[in-house]
Amino acid sequence: MSANAHVADLDALLAGLNEPQREAVVHGEGPLLILAGAGSGKTRVLTHRIAYLVGTGQARPDEILAITFTNKAAQEMRERVEMLVGRRTRAMWVMTFHSACARMLRADAHRLGYTRQFTIYDQSDARRLVKRAIEELDVDPKRFTPGAIHHEISDAKNKLRDAEAYAQMVGSFFEQTVADVYKLYESELHRMNAMDFDDLLVRAVNVLELFPEVRRRYADNFRHVLVDEYQDTNHVQYRWLQLIAGEHRNLAVVGDDSQSIYGFRGADIRNILDFEDDFPDAKVVKLEQNYRSTQTILDAANAVIRNNRGQREKELWTDLGIGDPIKVRELDDEHAEARFVAGEIERIVDEGVSRNEIAVFYRTNAQSRVLEDTLVRAQIGYQVIGGTKFYERAEIKDAIAYLTMLVNPQDVVSFTRIANSPRRGIGQTSLSRVISWANTAGITIWEAALEPDSVPGLGTAARKSFHRFMGAMRILGERAAANPPVSELLKEVLSESGYLEALEADRTIESQGRIENLEELVNVAAEYDGSVDLREEAPSLAGFLQQIALVADADGRRDDEGLVTLMTLHNAKGLEYPIVFLLGCEEGVFPHQRAIEEGGLEEERRLAYVGLTRAMRDLYMTYARTRAVFGSRSYGARSRFVDEVPIGLTDRNERPSLGVGSARERATSWSTPLGSGPIPGGGWDSGGGGGGGGGEAYRMGDDVVHAAFGEGVVIAVESGGIVVIRFARDGSERKLVADLAPIEKR
DNA sequence: TATAATTCTCTTTTT
DNA sequence: GAGAATTATA
């Protein structure tokens, strides 16, 4: 390629960037902080910067490390870089923190006493292991749930506190318990040659810290490090970046403190707020022009986020015009909400909008079910991102556990999973005997199971079962050793183990679906077998297992014209759609009850900010008067986030019959409750309001009983017949519509 | 001792 | 309303 062509390329690369974007792209060596508001083109800046570094010869493709949080984001970034620089992208590391660490560890984990075939445990595997540790330590699992303890351990790991360090700073009894479980959990993981998600990061940092020559190698190699969504990094990730980029300091980070939504995972917003303290000479670029949304949408998002304290001031602006008002809709229940969405989608599609321009967001995965049912009935094609993930289905986990056993014979968790699946007469008791024998004898679970005759106390029938089971496993092991295509091996596993046979014998619709899922897994494996380009390594079973352990959303996002996209708000980050529906805008749903109770409102509000700013043109916010939660019906008030959007930006349909009052009435806190009759004297704080319409009137201090939440006391009466009740059972405070909620005075 | 039936209990968000 | 945990049955 001639020098001229290069120059032309570079010009083209910079054309169409605004001034701050261009500054960020052409910034040479040294730390760079890009504060990028929503929709300000940060991915564009990152990809163009990479292309610019390569194009100007400042970096070779293999000297670039670009980190994202999700596989989806990594994939998108890779595609977009590839459009700019072509095949050379392949030498770059464009991936998530976890993938990058896993890749490092495959090369260097042996230094920490793992084999390169170590297993990666997902959340549920990890939790199961925690639970076993709890049982072994005779901790009361009612008092401290495995989930809570695992969360605490995870938190410690993300702060780079190992079991020993944690044990030294325990205060409460809970922490003492966690310390004990943590210690056992860690040794169990190591003994099984397994790592949980947190370990991938922690062990990578360990290797880099303990072995200067390894650190040297990576630090020298990755001369330019770029990080997306920097506001969501936690301490381990921070440390990892420091070890790799701390010396040459060619670290470019992009983020937006208003979009920090992973606090629950240990994300430390200070990492971005303090970047300039870490690097006093950092170049700071602010991207404030929004290229995505109408001014109305931006104004709404800005108004909402303004209710948070301590966000960095930002002035997002756009020249795309005012646009239409935000449509706020109140529906009777979640079914009506779903029907409304389906109806609107049909209407919009009739107007010529393509379905793939429409997205529906919700707070929790559980909310998707009703909507899916409705969409199916309305024959509207859709895809769900995340949610009940393919790889979390029992049959898929089983199949993977079989494969895992073949590379990691120490993996007791996998062994436990498959020993009696399909049913082959190996019950809990026999299993425990073999496991504890393996522990006593100091052999792997595989070895112990191979010789059931030497396991003390094992019944004859059980011995026979183990013989049969391990006979099949041994054959599979021999096959695996020859390194056949993973898809072939998988097929053999499914037939040799009797798994497929058992499903076929079942002859239910459910088992049919499972078989289809397994076929899909075979396809995934075949795809892996065929994909040589993205890897230096040859395809291998271990490589396959690693890849699928880290790819959570294999249900995959397709850019199919005919599909509406459904996902949680967390999954929505980084994406944009012309039409966006935000469902379940109710107190207790969004913001989530738990966040309300545990002081997580600011993060919820940032989540709202993320949701609102995904919309380009049309934005809907819907809420339901009642909703089924757990199966019983519950009544939640309209979300505060709806009310934080200025009235003037919205178009609302509230029905006076609800008693919530019209928007204007709410704005003046003095309201006319439903029905006729005099305004109850005193207003909101004297306890006189509420009620009306024939229902009972409630006063502050009234004792009440709720059909689902039990006994409680009225702690406030608000305008529009809303009472706030604190429930004795869990101490929660709920806003309820007095006339509708199943409550009675005592 | 293995499996079938029944009774609890939980649900945030993700790698 | 689904999963797991516990209890009943074979």
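Below, chains carry the letters A, B, ... as their sequence lines are ordered, and counting in each starts from 1. Quick caveat: nothing in here was measured; it's all calculated off a predicted structure.
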S.K.: Under the ring-ring contact (aromatic ring centres under 6.0 Å, His included) rule, what do A:F69 and A:F97 come out as? Steps first, then yes or no, please.
M.R.: CA-CA 7 Å; A:F69 269 80; A:F97 274 109; 5.6 Å; yes
S.K.: Tell me the interatomic distance from A:N365, atom CG, to C:dG1, atom P, rounded to whole angstroms.
M.R.: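 Taking CG of A:N365 and P of C:dG1, I get 18 Å after rounding.
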S.K.: Using 30° and 60° as the class limits, which term best fits the ring planes of A:H150 and A:Y185: parallel, tilted or perpendicular?
M.R.: perpendicular
S.K.: Return the OG1 to CD distance between A:T70 and A:E229, rounded to the nearest 0.5 Å.
M.R.: 8.0 Å
S.K.: Quickly work out the A:R633 CZ to C:dG1 C1' distance and round it to whole Å.
M.R.: 13 Å
S.K.: Between B:dT13 and A:Y262, is there a base-stacking contact, meaning the centre of the base's six-membered ring lies under 5.5 Å from the residue's ring centre while the planes stay under 30° apart?
M.R.: no
S.K.: Just to confirm, is there a sub-4.0 Å distance from OP1 or OP2 of B:dT15 to any side-chain nitrogen or oxygen of A:N71?
M.R.: no
S.K.: Taking atom P of B:dT13 as reference, at what distance in whole Å does atom CZ of A:R265 sit?
M.R.: 13 Å
S.K.: Given B:dA2, is OP1 or OP2 found less than 4.0 Å from the side-chain N or O atoms of A:S430?
M.R.: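 Result: yes.
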S.K.: Between B:dT15 atom C1' and A:R127 atom CZ, what is the distance in whole Å?
M.R.: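 Rounded to the whole Å, the gap is 14 Å.
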S.K.: Does a nitrogen or oxygen in the side chain of A:N571 sit under 4.0 Å from OP1 or OP2 of B:dT13?
M.R.: no
S.K.: What is the distance, rounded to the nearest whole Å, between atom CZ of A:R128 and atom P of C:dA5?
M.R.: 9 Å
S.K.: Can you tell me the distance, in whole Å, between the CZ atom of A:F361 and the P atom of B:dT13?
M.R.: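 It works out to 16 Å between those atoms.
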S.K.: Applying a 4.0 Å non-hydrogen cut-off, can you work out what A:K573 is touching in the nucleic acid: base, sugar-phosphate, or nothing?
M.R.: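 Contact class for A:K573: none.
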S.K.: Measuring from the side chain of A:R433 (C-beta onward, heavy atoms only), which nucleotide among B:dT14, B:dT1, B:dT15 has the closest atom?
M.R.: B:dT1
S.K.: Strictly by salt bridge (charged side-chain N to carboxylate O under 4.0 Å, His left out), give each pair with a member in residues 421-437 of chain A just once, sequence neighbours left out.
M.R.: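 Checked against salt bridge (charged side-chain N to carboxylate O under 4.0 Å, His left out) - neighbours excluded - no pair reaches residues 421-437 of chain A.
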S.K.: Is there a side-chain contact between A:R594 and the phosphate of B:dT13, meaning an N or O under 4.0 Å from OP1 or OP2?
M.R.: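 No.
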S.K.: Any side-chain N or O of A:T429 less than 4.0 Å from the OP1 or OP2 oxygen of B:dA2?
M.R.: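 Checking A:T429 against B:dA2: at least one side-chain N or O falls below 4.0 Å of OP1 or OP2.
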S.K.: When all nucleic acid strands are considered with a 4.0 Å heavy-atom cut-off, which category describes A:Q123: base, sugar-phosphate, or nothing?
M.R.: base
S.K.: Can you see if the side chain of A:N158 gets near the phosphate of B:dT15 - specifically, an N or O under 4.0 Å from OP1 or OP2?
M.R.: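 Looking at the OP1 and OP2 atoms of B:dT15, neither is under 4.0 Å from any side-chain N or O of A:N158.
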S.K.: Test of understanding: with side chain to side chain contact (heavy atoms under 4.5 Å, CB included), list the residues that count as partners of A:D162, not counting sequence neighbours.
M.R.: A:E164, A:A165
S.K.: Expressed as a whole number of angstroms, how long is the span from A:L458:CG to B:dT1:P?
M.R.: 9 Å
S.K.: Any side-chain N or O of A:S99 less than 4.0 Å from the OP1 or OP2 oxygen of B:dT15?
M.R.: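 Checking A:S99 against B:dT15: no side-chain N or O falls below 4.0 Å of OP1 or OP2.
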S.K.: Checking all strands, does A:N420 fall into the base, sugar-phosphate, or nothing category for heavy-atom contacts under 4.0 angstrom?
M.R.: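 The answer is sugar-phosphate, as A:N420 gets under 4.0 Å only of primed atoms, P, OP1 or OP2.
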S.K.: Taking the six-membered ring of A:Y262 as reference, does the NZ or CZ atom of A:R265 fall below 6.0 Å from its centre and within a 45° cone about the axis?
M.R.: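 Ring-cation test returns yes.
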S.K.: Taking the nucleotide of DNA chain B with the nearest heavy atom to each, does A:F69 or A:R423 sit closer to the 5' end?
M.R.: A:R423
S.K.: DNA chain B: A:E598 or A:G427, which has the more 5' nearest nucleotide?
M.R.: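 That would be A:G427.
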S.K.: Look at the side-chain N and O atoms of A:R424 and state whether any lies under 4.0 Å from the OP1 or OP2 oxygen of B:dA2.
M.R.: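 Checking A:R424 against B:dA2: no side-chain N or O falls below 4.0 Å of OP1 or OP2.
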S.K.: Give the rounded distance in Å between these two atoms: CG of A:L431 and C1' of B:dA2.
M.R.: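 Those two atoms, CG and C1', are 13 Å apart.
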